[in-house]
Amino acid sequence: MKIVRIMIENHSRIADINLQIREHAIFVGANDVGKTSLLRVLNLVLGCSTSQLYQALTIRDLRQIDRPFVTEIEFADLKHSEWTVFPHETTISPDDHSATLTVRMEIEADPADHESVTIRRWFPDAGSDRSLSREQQAAFGWRYLPASRTASSSQIDGPNSALQALLNGLELGEEQEKLRSLLVDFNASLRTSEALEALRDDIAKHLSRAMPRAVVKEELLVRTASDPTASVLRDVSLFFDRDGEQTPITQQSDGLRQLLLMTLFDLAENSAHTVAIDEPELHLHPSSQRTLATLLQNTRNQKLIVTHSPYVVQQFDPSLVITITADGNCHQIAPDRRNAIERVLAHWWSARLIEVLTARHVVVVEGIADRIVVERAAQVLGINLDRLGVVVFEIDGADKFPNVFKLIGPDGFCIPTYGLVDEKEQGRWLGAFGGKPKNILNKKLWVCKPDLEGEYVGGLGGTRVAEILIKAGVCRENALLQSCDASTVSNLSAESVAGFCRGNKVAAAVAVGEALTAPEVESITSLGSLLACFKQMETVI
């Protein structure tokens, strides 16, 4: 069975949601918007005992203490064998006779103690509020790997590790007896070893001095930890064998240990119905993130993943991605919009676009030169775009904006979007935003007249920009004068210098950006006005 719906109301860190979960769910968004909190809530409902619930939940988990904090999780695709565990709790559709199962948890302020809570967890369709049994909780098949994990030796190779779970689950068949015989023979050899007998004798004598009764060597035994009558693979480990040197998996690099942990966890939990993983990309190189994402995608159980990695997100279909915005609301592509944007997704589902999905705000610009100037100008004004969660996203051509806006705007992932565009291209951008121009211009869309090169040269002056370009090595003085048909630098017009910059967009943007001062940024009309909005945001934080 798999999760098909998640409803959460009145949680202190998560906005009220009622999400339809498709095959998998990939949650993305900026830091501190509630992604991890969502997985934790699911783990409370599906993975914790009643005593653990009372340890984990407090009155501070309720947004409003006069209302219950409610979580409801609906399952579908139950197999016949799973129906027997929930004989009275499932709902059968009269149309196709399919079964669904809903589990609900409510946390309320305790009327007798306002600092405490009361907790109920039950199946609302069962006709009673009887709490779920251990067998029913186990039947959910829920597994959770939090971001607070560490790839320690015990997690990778300990008695409760994923590796030991895999080894314990192996069906050895005829090899079982062969391995058992080897262990019995090996332990017999250890028992009769003269060197070990002398060691046991020394240990016994030293112990006897500190104990009330004497200890003899026959009471001590040196043997394998594995019990031949039980599991012959107990305490067996995994090693890398490279050039004849065998190194334990616990002695690998942090990144490789994390990848091993994720790989072993996923293999060990292959029998689970739903696996939730918070930030699977921790400590992993981008290429390893891509490999891991392919592994996660190809396994047969359902995955609920919180990630900041574009490499992980890119491996999954966009319809499975759910963005959580700064206000805590969740957004996914609506089912009736999926066909309409398939062509767009094919071109735009890239690592750079996925970075936008984790942003609190996005500023869309036409090209890389515009992005360079915007980001540098923000630095000059002391605006920390990263702290504000602002991503400047270049789309390599103004004509692509309507398609991109379908993905990230209100009909897509609902990322608050701003635009900076050349004057001649403003029509199609205004059309994409929709609404009256007076409600869009200088609020969501800023227009460079005639373009950004024209504005920054006009604000700084032709001579000032020419000197910047020459000093930065973008061009020689004679070449610039010849290109602009001028005799001296002081005679250069703003229009001719702007024309030169348009022919050398990126190099000119880098040079001018590095030389900008705060008053000069404010003299660039559209850019200064756009950044003033983010300056105001920064004062609110």
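Please read these numbers as outputs of a predicted model, since none were measured by experiment.
In terms of heavy-atom proximity, L441 sits nearest to L430 at CD2-CD2, 4.0 Å. Looking at every heavy atom in both residues, G389 comes nearest to A359 through O-CB, 3.5 Å. A30 and R360 make their closest contact through CB-CG, 3.7 Å (heavy atoms, listed as atom of the first residue, atom of the second, distance). Taking each heavy atom of A272 and G141 in turn, the nearest pair found is CB-O, 3.4 Å. Scanning both residues, G328 and A15, for their nearest heavy atoms gives O-CB, 3.2 Å. When all heavy atoms are compared, the tightest approach of I333 to P318 is CD1-O, 4.1 Å.
Atom CD1 of I277 sits about 9.5 Å away from atom CG of L304, to the nearest 0.5 Å. How far CG of L320 is from CD of Q315: 12.5 Å, rounded to the nearest 0.5 Å. Taking OG1 of T100 as the start and CG of D125 as the end, the distance is 6.5 Å to the nearest 0.5 Å. In this structure, CD in E74 is found 8.5 Å from CG in L101, a value given to the nearest 0.5 Å. Summarising the geometry, atom CZ belonging to R40 is positioned 12.5 Å from atom CG belonging to L42; distances are rounded to the nearest 0.5 Å. If you take CG on L19 and NE2 on H331, they are separated by 10.0 Å, rounding to the nearest 0.5 Å.
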Stepwise, does the side chain to side chain contact (heavy atoms under 4.5 Å, CB included) test hold for T323 with C330? CA-CA 6 Å; T323 60; C330 296; over 6 Å; no

Could you give me the CA-CA distance, side-chain angles and deciding distance for Y144 and L39, then say whether side chain to side chain contact (heavy atoms under 4.5 Å, CB included) is met? CA-CA 8 Å; Y144 175 47; L39 289 192; 3.9 Å; yes

Report the C-alpha separation of V312 and L292 in whole Å, then their side-chain angles, then the decisive distance to 0.1 Å, and conclude whether the side chain to side chain contact (heavy atoms under 4.5 Å, CB included) test is met. CA-CA 8 Å; V312 172; L292 175 63; 5.7 Å; no

From CA spacing to verdict: side chain to side chain contact (heavy atoms under 4.5 Å, CB included), T325, V33: CA-CA 7 Å; T325 47; V33 296; over 6 Å; no

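Within the 4.5 Å cutoff, the side chain of I119 has heavy atoms near those of the V117 side chain. A heavy-atom distance below 4.5 Å is not found between the side chains of R67 and E108. No side-chain heavy atom of W122 sits less than 4.5 Å from a side-chain heavy atom of S131. Side-chain atoms of I65 and H114, non-hydrogen and from C-beta on, never get closer than 4.5 Å to each other. In this structure, the side chains of V421 and L445 come closer than 4.5 Å at one or more pairs of heavy atoms. Looking only at side-chain heavy atoms (C-beta outward), I26 and I322 stay at 4.5 Å or farther from each other. A heavy-atom distance below 4.5 Å is found between the side chains of F413 and V321. Taking 4.5 Å as the limit, some side-chain heavy atom of V103 sits within range of a side-chain heavy atom of V45.
Remark: of the listed residues F86, F140, W142, F140 is the sole one forming a ring-ring contact (aromatic ring centres under 6.0 Å, His included) with F75. For the side-chain contact (heavy atoms from CB on, under 4.5 Å) with T307, the qualifying choice from T358, V313, D278 is V313, the only one to do so. Each of V365, V404, T417 was checked for a side-chain contact (heavy atoms from CB on, under 4.5 Å) with F393, and the lone residue meeting it is V404.
The ring-ring contact (aromatic ring centres under 6.0 Å, His included) search around F405 returns F401, F433, not counting sequence neighbours. Every residue two or more places apart in sequence or in another chain that forms a side-chain contact (heavy atoms from CB on, under 4.5 Å) with K443 is listed here: N439. Among residues two or more places apart in sequence or in another chain, the side-chain hydrogen bond (donor to acceptor under 3.5 Å, both in side chains) test is passed with Q20 by none. Checked against side-chain contact (heavy atoms from CB on, under 4.5 Å), R60 has the following partners two or more places apart in sequence or in another chain: T58. Here D77 pairs with K2 under the salt bridge (charged side-chain N to carboxylate O under 4.0 Å, His left out) rule; sequence neighbours left out. In this structure V85 satisfies the side-chain contact (heavy atoms from CB on, under 4.5 Å) test together with E135, Q136, A139, sequence neighbours excluded. Take D113 and apply the side-chain hydrogen bond (donor to acceptor under 3.5 Å, both in side chains) test, not counting sequence neighbours, and it matches S116. For E72, the side-chain hydrogen bond (donor to acceptor under 3.5 Å, both in side chains) criterion is met by R5, R104, not counting sequence neighbours. Q252 is linked by a side-chain hydrogen bond (donor to acceptor under 3.5 Å, both in side chains) to nothing, counting only residues two or more places apart in sequence or in another chain. Annotation: ring-ring contact (aromatic ring centres under 6.0 Å, His included) contacts of H11 (sequence neighbours excluded): F69. The salt bridge (charged side-chain N to carboxylate O under 4.0 Å, His left out) test applied to D327 returns no partner, not counting sequence neighbours.
In this structure, the side chain of R143 does not engage the main chain of H273 through any donor-acceptor pair within 3.5 Å. Y418 places no side-chain N or O within donor-acceptor distance of the main-chain N or O of C533, the cut-off being under 3.5 Å. Between the side chain of N403 and the backbone N or O of K400 there is no donor-acceptor pair closer than 3.5 Å. Formation of a donor-acceptor pair under 3.5 Å by the H361 side chain with backbone atoms of P416 is not found in this model. A donor-acceptor pair under 3.5 Å links the side-chain atoms of Q52 to the main chain of S49, judged by distance alone. Proximity of a side-chain donor or acceptor of R130 to a complementary backbone N or O of F123 within less than 3.5 Å is not detected. Checking side-chain atoms of D422 against main-chain N and O of E425 turns up no donor-acceptor pair under 3.5 Å. With hydrogens and angles disregarded, a donor-acceptor distance shorter than 3.5 Å links the side chain of N10 to the backbone of Q64.
More than 12 heavy-atom neighbours from other residues, nucleotides or ligands sit within 6.0 angstrom of CD1 on I440.
Side-chain contact annotation: Q302 with T274, donor-acceptor N/O pair under 3.5 Å present.
Using a cutoff of 4.0 Å between basic side-chain nitrogens and carboxylate oxygens, D16 and R63 are scored as salt-bridged. Between R428 and D399, no side-chain nitrogen of the basic residue sits less than 4.0 Å from a carboxylate oxygen of the acidic one, so the salt-bridge criterion is not met.
Here salt bridge (charged side-chain N to carboxylate O under 4.0 Å, His left out) pairs that include residues 26-35, with residues two or more places apart or in two chains, are R13-D32.
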